[in-house]
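The structure appears below as structure tokens.
Nothing here was measured: the structure is a model prediction, and the numbers come from that model.
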Amino acid sequence: MPKLILTEIGMGKLYETLNPELQAWLKQQRIFFAATAPLAGDGFVNCSPKGGDTFRVLGEREIAYLDLTGSGIETVSHVQENGRIVIMFCAFSGPPKIVRLHGTGAVIYPGDRDFERLSEHFPDHPGARAIIRVTVARISDSCGYAVPFLDFVENRDALDKWCEKKGPEGLAVYRRDKNRASIDNIPGYKG
């Protein structure tokens with residue numbers, strides 16, 4: 001059996017793998033954040049909230065999430081440019097905890113060889129524009145003592161309704177017009 005904890009870091013730990021305990025905890029969280037940055041030192045760092053049933057653990061060091069159509073394309077642009085990404089989860093209920101998954105991402109578009117296989121892990125979503133697959137290089141947790149308690153009410157349905165109203169052709173036009181490049185003018189959506 002692999003060693004689960006590599007070392008303690010202050011109030012946190014480094015993990016060798018996404019062990020069953022961490023996987024169960026990640027599955028319970030209602031929101032996560034994806035953070036990326038361009039290579040250019042004067043470019044904008046991005047941190048995007050992600051919700052709904054869009055995150056999956058694929059293996060001990062592999063994760064993926066369903067990237068949904070939105071007004072920005074920063075995460076996709078940065079991952080295509082340099083691959084660097086960190087996914088962060090915070091416990092808003094239960095014991096305090098923050099988990100960060102640092103790694104190298106890849107953007108998998110509909111029509112790409114792996115998209116169909118990976119999409120089987122997620123429910124159908126009219127706004128799905130890609131899957132971000134991450135090979136995890138560093139798994140850490142920290143205390144989360146200052147993260148507030150928040151009560152989950154329900155998932156929003158605004159994006160679902162907007163995507164259904166636009167339809168497949170309208171979404172394709174929207175992505176072509178609005179997701180072509182990041183705010184730093186890094187190439188964006190290629191689907």
Is there a chain of hydrophobic side chains (I, L, V, M, F, W, Y, each step under 4.5 Å between heavy atoms) that links Val86 to Val76?
no
On a heavy-atom basis, which atom in Pro110 and which in Ala130 lie closest, and how many Å separate them?
CD-CA, 4.4 Å
Shared hydrophobic cluster, Val79 / Ile186 (ILVMFWY, side-chain heavy atoms < 4.5 Å):
no
Evaluate the side-chain contact (heavy atoms from CB on, under 4.5 Å) criterion for residues Trp162 and Thr69: first the C-alpha distance (whole Å), next the side-chain angles of each, then the deciding distance (0.1 Å), finally the verdict.
CA-CA 10 Å; Trp162 179 82; Thr69 300; 3.9 Å; yes
Restricting to non-hydrogen atoms, name the atom on Ala34 and the atom on Ile87 that form the minimum distance, rounded to 0.1 Å.
CB-CD1, 3.8 Å
Is there side-chain contact between Leu22 and Val57, with at least one heavy-atom pair below 4.5 Å?
no
Scanning both residues in full, the closest heavy-atom pair of Ala64 with Ile131 reads CB-CG2, 3.9 Å
Just so I know, are the side chains of Arg117 and Ile108 near enough to count as touching, which here means a heavy-atom distance under 4.5 Å?
no
Report yes if the side chains of Glu74 and Ser48 come closer than 4.5 Å at any heavy-atom pair, otherwise no.
no
Taking every heavy atom of Val45 against every heavy atom of Ala37, the minimum-distance pair comes out as CG2-CB, 4.1 Å
Main-chain N/O of Leu39 paired with Glu81 side-chain donor or acceptor, under 3.5 Å
yes
I'd like to know whether CZ of Phe44 has more than 12 heavy-atom contacts from other residues, nucleotides or ligands below 6.0 angstrom.
no
Is there side-chain contact between Phe149 and Pro96, with at least one heavy-atom pair below 4.5 Å?
no
Please answer: with hydrophobic residues joined when any side-chain heavy atoms are less than 4.5 Å apart, are Ile63 and Tyr15 in the same cluster?
yes
Return the CD1 to OG1 distance between Ile85 and Thr75, rounded to the nearest 0.5 Å.
6.0 Å
Are Ile98 and Leu14 connected in the hydrophobic side-chain network, where two residues link if heavy atoms are under 4.5 Å apart?
no
His78 side chain reached by Arg84 side chain, heavy atoms, under 4.5 Å:
no
Taking atom CG of Asp177 as the centre, report whether more than 12 heavy atoms of other residues, nucleotides or ligands fall under 6.0 Å from it.
yes
For atom CD of Glu116, is the number of surrounding heavy atoms from other residues, nucleotides or ligands below 6.0 Å larger than 12?
no
Rounded to the nearest 0.5 Å, how far apart are CG of Leu171 and SG of Cys163?
5.0 Å
Got a second to check how far Ser77's OG is from Asn185's CG, nearest 0.5 Å?
9.0 Å
So that I know where these two stand, are Phe89 and Phe32 an aromatic pair - ring centroids less than 6.0 Å apart?
yes
Test of understanding: clusters of I, L, V, M, F, W, Y form through side-chain heavy atoms closer than 4.5 Å, transitively. Do Val136 and Leu26 belong to the same one?
yes
Identify the two heavy atoms, one from Arg61 and one from Arg138, that lie closest to each other, and give their separation to 0.1 Å.
NH1-N, 4.0 Å
Heavy-atom side-chain contact between Val107 and Tyr109 under 4.5 Å
yes
Sub-4.5 Å side-chain heavy-atom contact between His125 and Asp160:
yes
Those residues at least two apart in sequence (or on a different chain) that pass side-chain hydrogen bond (donor to acceptor under 3.5 Å, both in side chains) with Asn179 are Arg129
Between the NZ atom in Lys13 and the CG atom in Asp141, the distance rounded to the nearest 0.5 Å is 5.0 Å
Donor-acceptor pair, side chain of Tyr189 and main chain of Ile73, under 3.5 angstrom
no
Under a 4.5 Å cut-off applied to non-hydrogen side-chain atoms, are Arg100 and Ser142 in contact?
yes
If you round to the nearest 0.5 Å, how far is NZ of Lys50 from CG of Leu68?
7.5 Å
Mind listing the closest non-hydrogen atom pair of Ala128 and Leu66 along with its distance?
CB-CD1, 3.8 Å
Those residues that, when tested against Arg56, pass side-chain contact (heavy atoms from CB on, under 4.5 Å) (two or more places apart):
Asp53, Leu58, His121, Phe122, Pro123
Point-to-point distance, once rounded to the nearest 0.5 Å, from NE2 of His102 to CE of Met88:
10.0 Å
